[in-house]
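First the structure, in the form of structure tokens, and then the observations on it.
Just follow the structure's listing: the first ligand is 1, and inside any ligand the first atom is 1. For reference, positions follow the sequence shown, starting with 1.
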Amino acid sequence: MSTWSLGTADSLRLTVLVDNFVDMLMVDEPGLTRVGMPEHFAPRHGTPLAENGISFVLEVEHGRRSTTILFDAAISAHALQHNAEVLGVELSSVDVVVISHGHPDHFGGVYGALEAIGRPVPLVVHPHAFRTRMITRPDAVLPFINRELSADALRSAGAKVVEVRDAMPLAPGVCTSGEIATTVEMEREAPKGRLCLCEGHLEPDPIDDYLTLVVNVRDLGLVVLDPCGHAGVLSSLAHARNLAGVDRVHAVLGGFHLGHPGISQERIDKTAAELASLGPALISPMHCSGFRAQRAIAEQMPEAFKQMSVGTVLEFRA
Ligand SMILES: [Fe+2]
Ligand SMILES: [Fe+2]
């Protein structure tokens, strides 16, 4: 249990600034607004771009105050800045940036984001996000995939870098997760071909810099953003519930990292069943979740499953 109280937020407005998917044929539903066909066929500022990356903007209200958080920065500044303009997202109002981990599809646009924010803001990141990382696979050897991410470069771009290992409150009812232990056995999958430089030695990369974002919305429960699933979505949810001291999971969104060909269908089906047992009102497998996981989750939870698309805005308020 945590030694601090997470508290509650009065409401959360969540914008999908960047994701892998965009679709103009989706329509609005209560609490969920789409960028639809009218905005695509008669755009005032252009149409939203999808790319292999993820970025959320959270506007959290608490009393008469509000806090705006940019969570992750997609893979390119191009899509992030373009989508902000198209969607009318004022990046200059961002109060704090959080980078979930040191993979390029989550930090790639961060310098463009800081430029658009235009003033010094705190940027929360785990120190291991800066470790030298590489990927070795039969089809590709990619050395130093996170070369662009450095504390010095971030500071030069205007960030006040805040390195965290533990959970950290960002506003009433909102926190970063801190390090997440993978407690669900089937999620303890050693990453293959991912290496990091640790005290001069190349070792299997534990991706222990991975952070989620947890929002406790008054009278609804937890909204958990798990952008790349590196701790396992079930383990991340267990961590969030324990951290917040709140059982009720209202919504889960993000990349559940079940898209690799090597992930078994059995694991996907078990994950979907476990997620269903938590009874979320909304669940959105995005980014790296993969089609098989999207299909399994949609079948298990046809009412709760909501396909996200770039520009989707969700309102969480009791
Ligand atoms: Fe990742
Ligand atoms: Fe990712």
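- Screening Asp19, Asp72, Asp105 for a side-chain hydrogen bond (donor to acceptor under 3.5 Å, both in side chains) involving His287 leaves a single residue, Asp105.
- In this structure, Glu39 does not pair ionically with Arg34, as no charged nitrogen and carboxylate oxygen lie closer than 4.0 Å.
- Between Ile207 and Arg133 the shortest side-chain heavy-atom distance falls below 4.5 Å.
- Rounded to 10°, the angle formed at the Fe ion (ligand 1) by His230 NE2 and His101 NE2 is 100°.
- Protein atoms that are N, O or S and lie under 2.8 Å from the Fe ion (ligand 2) are these: Asp105 OD2, His106 NE2, Cys228 SG, His287 NE2.
- Ring-plane geometry between His257 and His230 is classed as tilted, the angle between the planes lying from 30 to 60 degrees on a 0 to 90 degree scale.
- Residues Val249 and Ile297 share a single hydrophobic cluster, defined by chaining ILVMFWY side chains whose heavy atoms lie under 4.5 Å apart.
- Aromatic ring centres of His45 and His82: separated by at least 6.0 Å.
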